[in-house]
Peer 1: 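Quick one: the structure is below, and I'll ask about it shortly.
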Amino acid sequence: MRRLRNRLAGALLSVLALSLTATGCGGSSEAAPGGGDSTSSPAGASPAGASVADRVEPLARRPEPRLPVTVPSADGERVTVRAAERIVPLSGSLSEIVFTLGLGDRVVARDVTATFEQAAKLPVVTRGHDVSAESVLSLKPDLVLAETTSGPEEAVDQIRAAGVPVLFVEAAGGLDDVGPRIGAVADALGVPAAGKELTRRSEQRIEAVRGDVPHGEEPRVAFLYLRGSASVYLIGGKDSGAGSLIEAAGAVDAGAASGLDKDFTAITSEALVKAAPDAILVMSKGLESVGGIDGLVKIPGVAQTPAGMDRRIVSVEDGVLLNYGPRTDQVLKSVVAQLYGEDGAK
């Protein structure tokens, strides 16, 4: 499966097996509420372009769920949803979809990656791949929304064994997943029309940002996954999950273009020199974990790249960078603004 969190999890497990350390992945367990940091803005990027709004924007008309419904789950099962008064989404991206559909008042818990303002006061019951079945069940949910990467499997099985419907949604892997993920959640909540409306709005906004991307030579952008506290330094390759976002910003995925067939590869000077990125894309907490831009350029090989020499770093909050949800247009706008500058100049 090409989905980001499965790929990243596998790469991290390989690295961590060698280093005997542990860390979160994909902006999950180490992502903290609040988003960006003051050290993450690249030289020349405007503050407005360097962050994504800390709030989601619900649809203007609040939909009323029509239940029960029986819908397909991404794990191959069919799930019957009879009520959706107490919803527990097991990822920040799924929380974002529920809130943006206008049903946030029904959400009773969150994953640590649900970093937007409306969800901030909800209890945390999961940290990416670390779902607590006991915590989830203590909230008496009538529906749990899970990613195909949610786990451990035993915890999800325990929730299902308690009689709670669990709907799996395919994990996000790129821009093409925005609409299908919104639709899957909306259908399960009995608000398919709202799902279509939100999909249209999201896709139109993404296309509007793409239309403003400067034309000309395409910069090479490398996606680096960093967790300095665990000495995890990875460069994204083919199907890392960042490729479609980089391409939508009018750039070239430097890792994939340099022949990195693995989704994530441990950073080496040779790999970075071959990728030769003009800019580096990172998650803001990852950048913070290595000491900001000053620390990033000390990682072997970074200072020798055009991006390192120019200190051309694009940083987006962990909780939204690769969610591919209703705020994807803002993520893309932030990437474009930081990559080219507000005036479009390279």
Side-chain angles (χ1 to χ4, degrees), residues 24 26-41 45-63 84-128 135-136 139 141 143-145 147 169 172 178 181-182 185-186 189 191 194-195 197-199 201-202 205-206 209 245 282-288 314-335 337-338:
S28 56
S29 63
E30 288 201 22
D37 59 273
S38 61
T39 66
S40 62
S41 298
S46 73
S51 63
V52 176
D54 195 36
R55 294 180 57 84
V56 299
E57 180 189 346
L59 294 173
R61 290 176 296 180
R62 186 180 187 279
E85 298 292 335
R86 298 183 63 79
I87 305 167
V88 175
L90 298 183
S91 77
S93 179
L94 295 176
S95 290
E96 182 176 325
I97 293 173
V98 177
F99 273 84
T100 311
L101 284 169
L103 301 176
D105 59 333
R106 297 168 179 247
V107 177
V108 296
R110 68 181 178 96
D111 177 77
V112 71
T113 59
T115 58
F116 53 94
E117 183 179 317
Q118 293 100 318
K121 294 183 179 180
L122 292 172
V124 175
V125 296
T126 172
R127 295 177 179 272
S135 296
V136 171
L139 294 165
L143 175 63
V144 170
L145 301 173
E147 305 272 358
V169 179
V178 173
R181 283 168 58 80
I182 291 173
V185 173
L189 296 180
V191 292
E197 180 183 352
L198 181 55
T199 294
R201 189 185 85 176
S202 300
R205 290 181 176 182
I206 290 170
V209 178
L245 183 67
V282 293
M283 295 178 180
S284 60
K285 291 297 179 183
L287 182 61
E288 181 181 330
V314 177
S315 170
V316 179
E317 290 85 344
D318 300 44
V320 293
L321 177 57
L322 300 180
N323 269 359
Y324 295 113
R327 287 188 290 173
T328 297
D329 65 296
Q330 296 179 43
V331 173
L332 181 56
K333 185 175 182 180
S334 175
V335 170
Q338 294 180 72

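By convention here, the first residue in the shown sequence is residue 1.
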Peer 1: Could you tell me which non-hydrogen atom of Ala172 sits nearest to which non-hydrogen atom of Arg181, and how far apart they are?
Peer 2: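 Answer, listing the atom of Ala172 first, then Arg181: N-NH1, 3.5 Å.
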
Peer 1: With a 4.5 Å heavy-atom cut-off, do Asp329 and Ser202 have their side chains touching?
Peer 2: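 No, side chains not in contact.
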
Peer 1: Are the side chains of Thr113 and Asp318 in contact, using a 4.5 Å heavy-atom criterion?
Peer 2: no

Peer 1: Less than 4.5 Å apart, any side-chain heavy atom of Val88 and any of Val108?
Peer 2: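 Touching, per the 4.5 Å side-chain cut-off.
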
Peer 1: Quick one: ring-ring contact (aromatic ring centres under 6.0 Å, His included) pairs with a partner in residues 88-112, sequence neighbours left out?
Peer 2: Phe99-Phe116

Peer 1: Restricting to non-hydrogen atoms, name the atom on Ala109 and the atom on Leu122 that form the minimum distance, rounded to 0.1 Å.
Peer 2: O-CD1, 4.0 Å

Peer 1: Do Leu321 and Leu245 come close enough that some side-chain heavy atom pair is under 4.5 Å?
Peer 2: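 The answer is yes, as the side chains (C-beta and beyond) meet within the 4.5 Å cut-off.
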
Peer 1: Which heavy atom of Ala186 sits nearest a heavy atom of Gly195, and at what distance?
Peer 2: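 Here Ala186 and Gly195 meet closest at CB-CA, 3.4 Å.
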
Peer 1: List in chain and number order the residues that pass side-chain hydrogen bond (donor to acceptor under 3.5 Å, both in side chains) with Arg201, two or more places apart in sequence or in another chain; answer none if no residue qualifies.
Peer 2: none

Peer 1: By side-chain contact (heavy atoms from CB on, under 4.5 Å), which residues pair with Thr199, not counting sequence neighbours?
Peer 2: Ile182, Glu203

Peer 1: For Ala194, which residues count as a side-chain contact (heavy atoms from CB on, under 4.5 Å) partner, sequence neighbours excluded?
Peer 2: Leu59, Pro63, Leu101, Val191

Peer 1: Which atom names give the shortest non-hydrogen contact between Leu322 and Met283, and what distance separates them?
Peer 2: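 For Leu322 versus Met283, the nearest heavy atoms are CD1-CE, 4.3 Å.
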
Peer 1: Is there a side-chain contact between Leu145 and Ile97 in this structure, where contact means two heavy atoms from C-beta onward sitting under 4.5 Å apart?
Peer 2: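 Contact flag for Leu145/Ile97 side chains = no.
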
Peer 1: By side-chain hydrogen bond (donor to acceptor under 3.5 Å, both in side chains), which residues pair with Arg62, not counting sequence neighbours?
Peer 2: Asp105

Peer 1: What I'd like to find out is whether the side chain of Val56 reaches to under 4.5 Å of the side chain of Gln118, using heavy atoms alone.
Peer 2: yes

Peer 1: Could you pull out the closest heavy-atom pair between Val52 and Ser334, with the gap in Å?
Peer 2: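 Minimum heavy-atom contact is CG2-CB, 4.4 Å.
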
Peer 1: If we only count heavy atoms from C-beta on, is the Val136 to Leu90 side-chain gap below 4.5 Å?
Peer 2: yes

Peer 1: Can you name the nearest heavy-atom pair linking Gly325 to Thr328, along with the distance?
Peer 2: O-OG1, 2.7 Å

Peer 1: Counting C-beta onward and ignoring hydrogens, is there a side-chain heavy-atom pair between Arg205 and Leu332 closer than 4.5 Å?
Peer 2: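 Of all side-chain heavy-atom pairs linking Leu332 with Arg205, none is under 4.5 Å.
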
Peer 1: Which pairs, with at least one residue in residues 95-104 and sequence neighbours excluded, count as a side chain to side chain donor-acceptor pair (under 3.5 Å)?
Peer 2: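 Listed by first then second residue: Glu96-Arg327.
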
Peer 1: Is there a donor-acceptor pair under 3.5 Å between the side chain of Arg106 and the backbone N or O of Ala84?
Peer 2: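 Yes.
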
